[in-house]
Amino acid sequence: MPELPEVETVVRAIRPRLSGRRIVDACFTVPRQLLPQTDRQIRRAIKGQHIRDVRRRGKYILVELQKGVLMIHLRMTGRLYVRPVGQPAHAHERAWFALEDGHELVFRDPRTLGTISYATPKTIDALVGKLGWEPLQNDVDLPTVREKLRTRRTPVKPLLLDQRLWAGIGNIYASEILWEARINPAKAAASLTRQETQRLMAAILDVLSRAVKKGGSTIRDFMGPDGKAGAYQKQFRVYERAGQPCLRCGSKVIRIVQAQRSTYYCRVCQKKR
DNA sequence: CTAAGGACCTGTCGGC
DNA sequence: TGCCGACAGGTCCTTA
């Protein structure tokens, strides 16, 4: 469900309500979602710890505690919000973290694909160490990117979903980014020209930062933790617009399937060569 | 090493 | 109305 802009929106909303608070208890209902420890181990490890800060790395939400980090990944349908204890629950709530101040952090996830893990400074690298560049940091240069793409014969669209390159891009923004950069999603990553790679890097930064400014996208069930919907879905140029006119050239946007995921693009603006 | 396909889950929607 | 397949913001594992 959420990609970088949605995760960033969640983090910004919950950070002021969690920082400095103490976790007094935790409850988990789906053991499968806990990695790599058991519910009992995580519960014992985090109980009593103060929350120092809440940050994002790729699509991971990092709740930084005194002695370790609680890492939450929302996958497709996860949501995270803070509410006063005693308020009515929603369907599909899977985990709760009770705070000393009378609120609770709630993890809701209908499909139960999300994950919760607890890591210490010693073990965190195994979970987050393989993640690639942070798209909003904009701290990687053109030669470095070109070198990384040089050996990749895979189409560029599925490649954008590989979190080991840029961390945080998902299925919606991959299509949006390629439309913005005027690159054909089926083009082999290794065959991108210098100019195309440059446009790709610019589009990644541009599309994702604009989406963050709008509070992410709400298309099915993503919701800001305050119940507010994101607004970026109104700015989609190609995603879920198959059959509608391209906003640049007017020809029809088409949908194809790559690596079992939908891709949307304009055949005319995003020519292969 | 890379690449492709299935697996993991539940909910919703459109067609017959 | 009810059933069935397709599809959904993601990643991980197995196989070639």
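Naming convention: chains lettered A, B, ... in sequence-line order (proteins, then strands); numbering from 1 in each chain. These figures come from a predicted structure and were not determined experimentally.
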| Distance under 6.0 Å and angle within 45° of ring axis: A:Arg248 vs A:Trp179 | yes
| request: Evaluate the side-chain proximity of A:Arg52 to A:Gln66: yes if any heavy-atom separation is below 4.5 Å, no if none is. | output: yes
| field | A:Arg261 side chain near C:dG10 phosphate (N/O to OP1/OP2, under 4.0 Å) | value | yes
| task | May I ask you to say what A:Ser262 touches in the nucleic acid, namely base, sugar-phosphate or nothing, with a heavy-atom cut-off under 4.0 Å? | result | sugar-phosphate
| request: Report the residue (A:Thr151 or A:Ala259) whose heavy-atom-nearest nucleotide on DNA chain B is the more 5′ of the two. | output: A:Thr151
| said: Counting only side-chain nitrogens and oxygens, does A:Arg32 get under 4.0 Å of the OP1 or OP2 atom of B:dC9? | reply: yes
| said: Base, sugar-phosphate or nothing for A:Arg152? Non-hydrogen atoms, less than 4.0 Å. | reply: sugar-phosphate
| query | Once you round it to whole Å, what is the distance between P of C:dC7 and CD of A:Glu240? | reply | 12 Å
| With both distances kept under 3.5 Å, what pairs with B:dC9, Watson-Crick or G-U wobble? | none
| query | At under 4.0 Å between heavy atoms, what does A:Gln163 touch on the DNA or RNA strands: base, sugar-phosphate, or nothing? | reply | sugar-phosphate
| said: Does C:dG10 have its OP1 or OP2 closer than 4.0 Å to a side-chain nitrogen or oxygen of A:Arg111? | reply: no
| note | A:Arg164 atom CZ is separated from C:dT11 atom P, nearest whole Å, by 12 Å
| request: Can you tell me the distance, in whole Å, between the CZ atom of A:Arg153 and the P atom of B:dA3? | output: 8 Å
| query | So, A:Arg17 and A:Asp101, do they make that salt bridge, N to O below 4.0 Å? | reply | no
| message | Is there a side-chain contact between A:Lys67 and A:Tyr118 in this structure, where contact means two heavy atoms from C-beta onward sitting under 4.5 Å apart? | response | yes
| said: I need the minimum non-hydrogen distance between A:Val54 and A:Val11, along with the two atoms involved. | reply: O-CG1, 3.6 Å
| query | When the distance from CG of A:Leu35 to P of B:dC9 is rounded to whole Å, what number comes out? | reply | 12 Å
| request: Figure out the CD1/C1' separation between A:Ile116 and C:dT11, and round it to whole Å. | output: 16 Å
| task | Round to a whole Å and report the spacing from OH of A:Tyr264 to C1' of C:dC7. | result | 9 Å
| request: Output yes when at least one side-chain N/O atom of A:His92 is less than 4.0 Å from OP1 or OP2 of B:dG11, else no. | output: yes
| task | Please report, rounded to the nearest Å, how far the C1' atom of C:dG10 is from the CD atom of A:Gln260. | result | 13 Å
| task | Could you measure between the two P atoms, the one in C:dT11 and the one in B:dT12, and give it in whole Å? | result | 23 Å
| message | Using whole Å, what does the distance between atom P of nucleotide C:dT11 and atom CG of A:Asn171 come to? | response | 11 Å
| Side chain of A:Thr112 (C-beta onward), nearest among C:dA8, B:dG11, B:dC9 | B:dC9
